[in-house]
Structures are given as structure tokens and as C-alpha cells.
Protein chains: 2
Amino acid sequence: MCEMIYLPKATLERLKMYKKVLESVRKEYISSEEIAQILAINPELVRKDLSYLKTHGKPKMGYLVSELKKELNDLFGVNDFTSMVVVGANFLGKALATYKPFERAGVKVVAILDTDERNVGERVGDLVVREIGALERVVRRFKVEICGLCVSPDVAQETAQKLIELGVKVIWNFTGVRLSVPEDVLVVDEDFSTRVLDMKRYLLSRKK
Amino acid sequence: MCEMIYLPKATLERLKMYKKVLESVRKEYISSEEIAQILAINPELVRKDLSYLKTHGKPKMGYLVSELKKELNDLFGVNDFTSMVVVGANFLGKALATYKPFERAGVKVVAILDTDERNVGERVGDLVVREIGALERVVRRFKVEICGLCVSPDVAQETAQKLIELGVKVIWNFTGVRLSVPEDVLVVDEDFSTRVLDMKRYLLSRKK
DNA sequence: TAGATTGTTAATCGATTAACAATC
DNA sequence: TAGATTGTTAATCGATTAACAATC
């Protein structure tokens with residue numbers, strides 16, 4: 001199908017930003033200068049990044065927005081949908097399960113599960129919380145590749161293990177626990193208490 | 001009080017990781033090798049990073065965990081508490097409002113507010129959802145410096161504006177909207193649909 | 001043609017790794 | 001003393017910026 005182009009890490013990071021910028025652009029063409037301005041980076045950097053793609057800009061015009069969008073969508077495989085399951089029906093889990101913008105990113109939350117009997121049956125958006133026993137069935141049936149892991153820290157590792165055995169390839173880890181996983185599994189850590197440290201230091205720096 | 005040491009961005013990023021690692025260490029000393037192994041980076045890099053701090057390691061011993069922890073806590077100002085308000089009592093807002101590990105990071109959520117009358121009065125952890133009109137009072141009373149912004153995209157910019165007028169210094173932005181703010185305000189963007197793009201590309205790369 | 005903008009190469013900057021002396 | 005580990009300097013690597021020719 002499509003051979004994977006090599007992309008420097010920093011470039012890949014910015015391509016995601018460009019993709020987002022383009023989503024709210026209503027013009028036919030956009031220049032590197034404009035993109036750069038919105039993101040507060042150098043236009044040269046934008047051009048360098050975009051030069052990794054097949055899309056070419058037109059001198060005096062800039063880049064054809066529709067073409068660029070399409071190529072970025074292909075690059076991230078946004079057009080065919082990936083199934084995601086949420087494990088842990090706490091507020092965070094429910095937030096993921098009802099997060100609208102996933103739609104446009106090619107991610108579909110197919111189920112939300114919980115170990116606690118009392119939560120089972122509760123309505124969450126279009127879904128109903130299911131018992132954890134349904135995990136295998138759900139993963140098989142929907143070919144689930146991503147899990148939003150929102151369980152409590154004490155069961156994080158064992159839950160991850162179970163998911164991996166069932167063939168889940170990406171664990172989006174909100175538990176704050178450092179997970180051990182085989183090297184062909186991607187763990188994406190989302191750690192709010194680490195994130196606030198940047199804010200704390202920023203506030204400190206303001207006070208000199 | 002304490003002069004702010006200059007720290008390379010990449011180093012600062014890792015110092016947060018070291019801080020987290022140290023939280024679950026039960027030994028008196030830890031070597032750069034051990035830290036490096038846990039984080040899958042080079043021990044030389046760990047030593048270089050730690051050399052920016054006042055703490056010195058002991059040859060043959062490593063670094064005194066308690067001392068290192070203390071210095072990192074000071075560096076991030078974790079010991080005096082910062083007040084945070086959550087605006088938007090949807091699942092995400094409630095998740096932030098009840099997020100336990102903030103405690104250890106020196107952040108205290110003092111209130112959760114919503115514009116929707118129907119949500120006002122609802123219990124969320126130790127808090128009760130308050131009407132948006134209480135914002136000014138809350139910010140003044142608790143000297144709020146951080147806001148977790150969980151409102152819908154259409155009111156994101158105006159809400160941010162109001163917060164900034166009241167003196168809030170950091171906006172933790174979950175709305176997906178690119179906010180315009182004065183340069184002395186820090187916006188920390190948390191965009192789940194951008195985040196999943198990494199996972200999408202990873203999955204694509206697995207399929208060759 | 002002149003002007004604007006792309007795309008690429010060279011120069012610079014910053015971050016990581018390698019090497020190794022210092023030290024307990 | 002020998003061995004382990006730190007801390008620092010030098011070498012390498014990767015990413016950004018500067019410069020500028022190509023092109024519409």
C-alpha cells in the first residue's frame with residue numbers, strides 16, 4: 001500500500017500541529033509563513049517539514065490546503081477507523097468514552113468496561129458500561145487495537161497484561177503506573193501530576 | 001528566596017521523570033545507572049542532568065534519594081500549594097476535580113464551576129458544582145493561579161479571557177481550541193485527538 | 001519583469017553520547 | 001589497593017536557522 005517515509009521525531013510532532021491548523025483553515029492555499037505565524041515558529045522550519053511530504057507548494061501561492069490535509073490524513077491513517085476500548089468507568093474513562101473529536105481522528109470507542117458491578121449498566125453517551133468479563137469478546141469482535149487505561153493503580157499492570165494477551169497494541173495509560181510491556185506494545189503515558197510540574201515551575205519563575 | 005537555575009528544556013523534561021521515579025524508590029541511595037535503566041536512557045545523561053542541581057552523588061554509592069527528592073520538590077515548588085479551579089463540570093472536569101495525585105504535586109482543586117444551571121449543586125468528590133457567577137469570588141478568595149479549562153469549544157476563548165482578567169496565570173486547556181492570551185499567561189494544551197495520531201501512526205507502521 | 005514564496009544547502013545551535021580522570 | 005561510580009570535557013549527532021537559488 002504506502003511505504004512509510006522516515007520522519008525525524010521533531011518533524012512528526014509538528015506535522016500533527018500542522019494537521020490541526022489546517023482543520024480550521026477556510027482558504028484554498030496557505031503559505032508556510034501563515035502556518036508559522038499561527039504556531040509561533042519559523043516558516044523555514046515549516047517548509048523543511050513539509051518537504052518530507054509528496055505535496056509541493058507553489059511559489060507565490062503556498063500549499064494547496066486540501067492536498068496537504070489529505071496527505072496528512074494518509075500519513076496518520078486517519079481514514080480507516082481504529083477501535084478503542086476504555087477500561088475503568090470513572091470520570092476519566094467516561095470522558096474518553098464520550099470524547100467527540102476522536103471521530104475526526106479515526107478512533108472509535110467501541111466499549112467502556114468496569115470491574116465494579118455497581119457501575120455496570122450505567123449509560124455513558126451512546127455506550128453502556130459493561131462488566132470486565134466482556135473484555136475478550138469486545139476486543140475480538142471489534143478488533144480493538146487501543147485501550148484507554150483508567151483503572152486504579154493497583155490493578156494497572158495486571159489489566160495491561162490481560163489486554164496485551166488479547167492482542168491490544170497500544171495502551172493509553174492514565175494510571176500513573178510505569179507499565180512493563182513487550183517491546184512491540186506502545187505505551188502512551190498521560191500523567192496529569194507530572195504535567196502540572198511545568199505549571200508549578202512557571203509560576204515559581206514569575207515570582208522570580 | 002531561591003534564584004532560578006537555568007535548565008535546558010530537555011533536562012527539565014527529564015527532571016520531572018526522575019522525580020517520579022524517586023517517588024517509588026525505597027532505598028537510601030540510587031545510582032545514575034539504576035535511574036537510567038528504569039527510564040531506558042543513558043546513565044551519562046542522568047548524571048549530566050543531575051549535575052545542574054546542587055545535590056552531588058557519592059562515588060560507589062550514587063545519589064542520596066531523600067536529598068534528591070527534596071531538591072526536585074523545591075525546583076518545582078511542590079511544597080507550597082497552588083490553587084486550581086476547574087471550569088466545566090463535564091466528565092473531564094470532574095476527573096480533574098477528583099484527581100488524587102495532585103495532592104503530592106502541590107496542586108489543590110478549590111472549586112468546580114459550570115454555566116449549566118442543571119449541573120450546579122451536584123456533588124463531585126469533596127466539592128459541589130458552583131455556578132459560573134462564583135468564579136470571581138473563588139479566584140479572589142483562594143488566590144487561584146491555574147484553571148483546568150473544560151468548557152465547550154464555542155465558549156473557550158471568552159472563558160479564558162475572563163479567567164485572565166481575574167488574574168489566573170496558567171490555563172490548562174482541554175478544549176482543543178487555540179487560545180489567544182497575553183504573553184505572560186501560560187497555556188498548556190491537552191489535545192486528546194492530536195495525541196491519538198501518534199498511536200494511529202504506530203499502528204500503521206506495524207502493518208508495514 | 002519584479003516580487004513573493006518555495007525548497008535546499010550550509011552554518012549554527014543544542015542535546016546526546018563517548019571517553020576518561022577524579023574520588024570514595 | 002581495586003573497583004565502582006560520579007562529574008566533566010570532547011566528539012558526535014540531530015534539529016533549527018540562515019542564506020539563497022529556483023520558480024511561478
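Per chain, numbering begins at 1; letters A, B, ... match sequence-line order.
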**Request:** Would you give the length of the straight line joining atom NZ of Lys108(B) to atom CZ of Phe81(B), rounded to the nearest 0.5 angstrom?
**Result:** 7.5 Å
**Request:** Using whole Å, report how far CG of Leu50(A) lies from C1' of dG7(C).
**Result:** 11 Å
**Prompt:** Is Arg14(B) near enough to dT16(C) that one of its side-chain N or O atoms lies under 4.0 angstrom from OP1 or OP2?
**Reply:** yes
**Request:** Would you mind reading off the distance between Tyr18(B) atom OH and dT6(D) atom P, rounded to a whole angstrom?
**Result:** 12 Å
**Request:** Rounded off to whole Å, could you give me the CD-to-P distance for the Glu13(A) and dT16(D) pair?
**Result:** 11 Å
**Request:** Output the residues of residues 51-70 of chain A in contact with DNA chain D, where contact means a heavy atom of the residue under 4.0 Å from an atom of the strand; sort by number or write none.
**Result:** Pro59(A), Lys60(A)
**Item:** ring-ring contact (aromatic ring centres under 6.0 Å, His included), paired with Tyr99(B), selected from Phe91(A), Phe174(A), Phe192(A)
**Value:** Phe192(A)
**Item:** Enclosure of Asp126(B) CG (heavy-atom neighbours >12, cutoff 6.0 Å)
**Value:** no
**Complete:** In short, salt bridge (Lys or Arg N to Asp or Glu O under 4.0 Å) pairs touching residues 172-188 of chain B with sequence neighbours left out are Arg206(A)-Asp184(B)
**Request:** Let me see the working for Glu165(A) and Gln161(A) under side-chain hydrogen bond (donor to acceptor under 3.5 Å, both in side chains), right down to the final yes or no.
**Result:** CA-CA 6 Å; Glu165(A) 278 163 25; Gln161(A) 216 109 31; 5.8 Å; no
Show me the side-chain donor-acceptor pairs of residues 34-44 of chain B shorter than 3.5 Å, one per line, residues at least two apart or across chains.
unit_1, atom_1, unit_2, atom_2, d
Glu34(B), OE1, Lys27(B), NZ, 3.2
Glu34(B), OE1, Ser31(B), N, 2.9
Glu34(B), OE1, Ser31(B), OG, 3.2
Glu34(B), OE2, Lys27(B), NZ, 2.2

**Prompt:** What are the two closest heavy atoms between Ala97(B) and Val124(B), and how far apart are they?
**Reply:** CB-CG1, 4.1 Å
**Prompt:** Which pairs pass salt bridge (Lys or Arg N to Asp or Glu O under 4.0 Å) with one or both residues in residues 9-20 of chain A, sequence neighbours excluded?
**Reply:** Glu13(A)-Lys16(A), Arg14(A)-Asp49(A), Lys16(A)-Asp198(B), Lys19(A)-Glu23(A), Lys20(A)-Asp191(B)
**Fill in**
Between Leu75(A) and Leu204(B) the two heavy atoms that sit nearest each other are O-CD2, 3.5 Å
**Prompt:** How far does CZ of Arg201(A) sit from CG of Leu203(A), to the nearest 0.5 angstrom?
**Reply:** 12.0 Å
**Stems where DNA chain C pairs, listed by first number, each of three or more Watson-Crick or G-U pairs under 3.5 Å** = C:3-24 with D:3-24
**Message:** Below 4.0 angstrom, which residues in residues 30-47 of chain B have at least one non-hydrogen atom near DNA chain D?
**Reply:** Ser31(B), Ser32(B), Arg47(B)
**Prompt:** Can you tell me how far CG of Leu22(A) sits from CD of Glu71(A), rounded to the nearest 0.5 angstrom?
**Reply:** 11.5 Å
**Asked** Atom CG of Asp49(A) and atom P of dA15(D): how far apart are they, to the nearest Å?
**Response** 10 Å
